[in-house]
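So that the names make sense, note that chain A is the first sequence line, chain B the second, and so on, each numbered from 1.
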There are 2 protein chains.
Amino acid sequence: MTLDIGTAAKPRTMRLRADATRNRERMVDAARETIVEFGPDFPLDEVARRAGVGNATLYRHFTDRTELIRQVALSVMARTAQRAEDALVEEPDAFSALQRFVFEAADERVGALCPMLSSAFDRAEPVVEQGRRRMENAITAIMDRAQCSGQLRGDIAVGDLMVALTQLTRPLPGTGCVGFDRFVRRHLQLFLDGLRAPARSTLEGTAATLEDLQGCQ
Amino acid sequence: MTLDIGTAAKPRTMRLRADATRNRERMVDAARETIVEFGPDFPLDEVARRAGVGNATLYRHFTDRTELIRQVALSVMARTAQRAEDALVEEPDAFSALQRFVFEAADERVGALCPMLSSAFDRAEPVVEQGRRRMENAITAIMDRAQCSGQLRGDIAVGDLMVALTQLTRPLPGTGCVGFDRFVRRHLQLFLDGLRAPARSTLEGTAATLEDLQGCQ
DNA sequence: TACGAAACGGAGAGCCCTTCTCCGTTTCGC
DNA sequence: GCGAAACGGAGAAGGGCTCTCCGTTTCGTA
């Protein structure tokens with residue numbers, strides 16, 4: 001509904017105050033990190049704490065947790081799609097584009113999108129659907145190019161990449177493991193090596209798309 | 001694992017009743033599954049529910065959550081070590097042994113060991129230390145053989161394998177994603193393909209051992 | 001600089017979930 | 001068939017999360 005945020009009903013047409021805008025951005029960022037770490041049931045107070053604002057400010061900007069998740073999802077999808085589009089255009093080598101995208105997506109914390117698989121989240125909403133489609137198209141384009149050039153194995157799809165990416169970059173819950181990030185990039189690289197053509201094995205099951213993931217709710 | 005469970009202090013020397021033994025095993029199994037799904041902060045009542053026993057029974061067998069985690073850790077480490085030892089002996093091919101171990105470890109839910117990284121858990125305890133060492137030795141043996149035979153890349157260590165394994169097999173929190181397991185084996189296989197020699201990339205950082213992981217608390 | 005409106009933050013009430021215990025009932029082993 | 005061991009449901013106690021109230025601070029403008 002943020003097509004025009006408050007929509008017709010509310011006088012949100014007026015510009016937010018400078019500090020309000022700044023805080024709003026901080027809160028979405030903080031929410032992204034918190035979701036990645038805690039999963040869909042993240043505590044809202046933790047988001048406020050990380051954003052450096054009072055919890056009341058959080059509730060003032062987002063009516064409820066669903067609305068906050070929605071904003072995070074839109075933000076992450078848009079930024080990730082942009083990264084993918086940039087990588088596709090700017091990288092001369094097809095597999096390099098894929099690699100670049102994977103590492104950048106990790107930085108963007110695509111894992112924050114996992115609440116989208118929750119039943120509480122309305123994926124069918126036009127704006128969300130549109131964001132997902134843009135992201136999926138961009139990633140598919142990267143993968144297609146790499147597959148056509150014979151550098152990426154052909155038996156995988158977007159869902160395989162995104163789920164593994166989410167899983168490998170997810171922090172261990174409860175443990176504030178500081179040195180952990182140092183290993184994540186290694187594991188992503190190892191996974192990427194496994195994606196290269198020629199395939200070194202035969203995969204069981206079928207390639208996963210993003211729809212497949214949503215379908216299993 | 002039940003070497004001397006209750007230790008000397010308690011009259012646990014007497015044999016448990018048949019149903020008690022059965023329930024105890026069920027509870028440890030249920031705890032393993034629950035920890036994998038919820039992380040270190042798993043609800044104890046959920047364990048009881050999954051084990052098909054009343055919550056009181058759980059508290060009767062394990063004084064507190066720490067004790068339960070300890071038993072799970074010992075159980076998982078022992079079973080995983082056994083799997084590794086078996087694979088090493090029974091598989092003629094070095095990389096096949098590694099592959100077999102990875103899939104079996106996933107089935108054993110090694111992800112349940114992640115509470116061991118929590119500060120609340122005493123890793124220094126002799127029995128735990130011993131279990132960890134046995135497991136680490138067994139896995140190292142498998143990896144060493146595969147590296148010596150030129151099938152496994154040389155720039156990785158036990159920690160790399162176990163963390164990635166844990167991450168890739170961890171269920172998405174909150175979402176009871178039924179069809180999810182179907183993809184896990186695919187991702188493990190892709191990761192394994194990335195582990196093969198010759199290495200298709202240069203990894204940054206240094207190979208991770210299990211100590212490295214514990215060190216980062 | 002001064003003023004009004006917008007935005008903020010801390011504290012606290014209400015609620016739910018988790019932990020843990022009590023005690024009557026059931027099951028096991030002999 | 002009996003005694004002891006084990007069980008399970010219910011419920012009190014505690015803690016954390018959600019959300020709101022209201023006094024204070026900050027921003028934007030004249």
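- A side-chain donor-acceptor contact under 3.5 Å links T21(B) to the backbone of R17(B).
- Terminal axes of the helix from dT1(C)-dA30(D) to dC30(C)-dG1(D) (five pairs each, C1' rotation axis) are separated by 40°, to the nearest 10°.
- A salt bridge between E204(B) and R185(A) is present, with a side-chain N of the basic residue lying under 4.0 Å from a carboxylate O of the acidic one.
- Residue L68(B) contributes atom CG, which lies 14 Å from atom C1' of dC20(C) at whole-angstrom precision.
- In this structure a side-chain-to-backbone donor-acceptor pair under 3.5 Å is present from T166(A) to M162(A).
- T57(A) places no side-chain N or O within 3.5 Å of a backbone atom of V53(A) that could act as its donor or acceptor partner.
- With D160(A) contributing its side chain and I156(A) its backbone, the two residues share no donor-acceptor pair below 3.5 Å.
- At distances below 3.5 Å, at least one donor-acceptor pair connects side-chain atoms of R153(A) with backbone N or O atoms of G194(A).
- Atom P of nucleotide dT20(D) and atom CG of D64(A) are separated by 10 Å, given to the nearest angstrom.
- Within 4.0 Å of F42(B), counting heavy atoms only, lie sugar-phosphate atoms of the nucleic acid but no base atom.
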Contact state string [nucleotides 25-30 of chain D, B base, S sugar-phosphate only, - no protein heavy atom under 4.0 Å]: -BSS--
Could you pull out the protein-nucleic contacts involving nucleotides 9-16 of chain C (nitrogen or oxygen on both sides, under 3.5 Å)?
from	atom 1	to	atom 2	distance (Å)
dG9(C)	OP2	G54(A)	N	2.8
dG9(C)	OP2	T57(A)	OG1	3.0
dG9(C)	O6	R60(A)	NH2	3.1
dA11(C)	N6	N55(A)	OD1	3.1
dA11(C)	N6	N55(A)	ND2	3.4

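- Straight-line distance from the CE atom of M27(A) to the C1' atom of dC8(C): 10 Å, rounded to whole Å.
- Between H61(A) and dC8(C) there is a side-chain polar atom (N or O) within less than 4.0 angstrom of OP1 or OP2.
- Note: CZ (R26(A)) to P (dC8(C)) measures 10 Å, nearest angstrom.
- Between E33(A) and R109(A) a salt bridge is recorded (basic side-chain N to carboxylate O distance below 4.0 Å).
- Straight-line distance from the OH atom of Y59(B) to the P atom of dG11(D): 17 Å, rounded to whole Å.
- One finds a salt bridge joining R83(B) and E108(B) here, because a Lys/Arg side-chain nitrogen approaches an Asp/Glu carboxylate oxygen to under 4.0 Å.
- Atom CZ in R24(A) sits roughly 11 Å away from atom P in dA7(C) (whole-Å rounding).
- Under the 4.5 Å side-chain criterion, counting only non-hydrogen atoms from C-beta, M116(B) is in contact with V128(B).
- R70(B) and E67(B) are joined by a salt bridge, as a carboxylate oxygen and a charged side-chain nitrogen come within less than 4.0 angstrom of each other.
- Counting to the nearest Å, the C1' atom of dC17(C) and the CG atom of L44(B) are 12 Å from each other.
- Taking atom CD on E67(B) and atom C1' on dT19(C), their separation rounds to 17 Å, with Å as the unit.
- Annotation: side chain of R26(A) is not in contact with side chain of R50(A) (no heavy-atom distance under 4.5 Å).
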